[in-house]
Amino acid sequence: MNKVLIAGNWKMNGLTGDATREAAALADGVAEVAHVLLMIAPPTTLIHPLRIKLFERGIADRVAVGGQDCHAEVNGAHTGDVSAEMIADLGGSHVIVGHSERRTDHGESDAMVKAKAEAALRAGLVAIVCVGETEAERRGGETLAVLARQVAGSLPEGATVKNTVIAYEPVWAIGTGLTPSTDDIVEAHAAIRATAADRMDATDNLRILYGGSVKPGNAAELLALDGVDGALVGGASLKAADFLAIAAAAPARA
Ligand code: PGA
């Protein structure tokens with residue numbers, strides 16, 4: 001089985017001083033979480049500064065850095081956008097695509113998310129494709145149908161267990177302190193894996209992360225669940241101590 005991946009999403013938070021401070025704090029604790037893979041997606045402005053600070057601390061090979069979004073094109077007249085190639089150029093190795101805040105705030109459809117994920121693969125990045133139901137969809141009993149539609153519509157052509165990760169993030173659980181029941185998470189991950197299996201060769205080793213209010217206090221329970229291969233962490237990734245505590249709670253896998 002794959003090592004667990006703990007991915008941090010700083011969202012629109014952090015200035016260069018934060019990158020310096022977080023890299024130092026990560027360096028202090030990273031040796032204790034050698035059993036997991038770590039990735040941080042800071043704002044685009046901090047990809048390079050964070051990489052430099054991780055290098056200076058000697059942990060650039062232990063903490064991967066990535067983007068929070070990318071444009072589908074390589075370059076062109078797209079003011080304010082960043083391509084996957086640009087993230088790779090800064091030393092990024094991953095990019096989150098289809099986060100619910102992008103889907104909601106920027107009207108991103110499954111087709112757009114798929115195109116972005118394909119751009120990630122084109123640039124040699126690992127695509128972290130986010131899916132998840134809204135509160136209304138869950139109440140309406142549509143969760144599994146929504147997940148199936150999003151996975152089928154958002155997975156890139158050429159997806160493999162090496163270049164693609166899926167993050168299950170119920171929209172209503174993001175930043176709210178709420179999480180689904182453990183049974184609901186296991187059910188959702190199994191459904192996502194089953195849909196992905198229609199689009200990919202082998203999905204036993206496909207990493208499916210859970211995201212939404214993951215904290216040091218609930219990480220051990222969430223990360224031990226069947227079919228949960230890591231976490232995508234928002235708020236609690238902003239402090240290295242919490243991020244590392246979540247990583248420490250992850251089970252060791254070969
Ligand atoms: P949260 O965010 O951990 O703050 O709930 C998760 C995410 O949006 O990836």
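Counting starts at 1 for both ligands and their atoms, in listed order.
Within 4.0 Å of ligand 1, protein heavy atoms come from Asn9, Lys11, His99, Glu169, Ala173, Ile174, Gly175, Gly212, Ser213, Leu232, Val233, Gly234, Gly235.
Ion pairing of Asp229 with Lys3 is absent here, as no side-chain N (NZ or NE/NH1/NH2) approaches a carboxylate O to less than 4.0 Å.
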Item to check | Worked verdict on Asp69 versus Val95 for side-chain contact (heavy atoms from CB on, under 4.5 Å) | outcome: CA-CA 6 Å; Asp69 173 53; Val95 64; 5.5 Å; no
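Glu187 pairs by the salt bridge (charged side-chain N to carboxylate O under 4.0 Å, His left out) definition with nothing, not counting sequence neighbours. Under the rule for a ring pair (Phe, Tyr, Trp, His ring centres under 6.0 Å), Phe243 has no partner lying at least two apart in sequence or in another chain.
Note: Arg207 CZ to Arg193 CZ = 11.0 Å, rounded to the nearest 0.5 Å.
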Without placing hydrogens or testing angles, list every side-chain donor-acceptor pair under 3.5 Å for residues 195-202, not counting sequence neighbours.
| unit_1 | atom_1 | unit_2 | atom_2 | d |
| --- | --- | --- | --- | --- |
| Thr195 | OG1 | Ala191 | O | 3.1 |
| Arg199 | NH1 | Ala152 | O | 2.6 |
| Arg199 | NH2 | Leu155 | O | 3.1 |

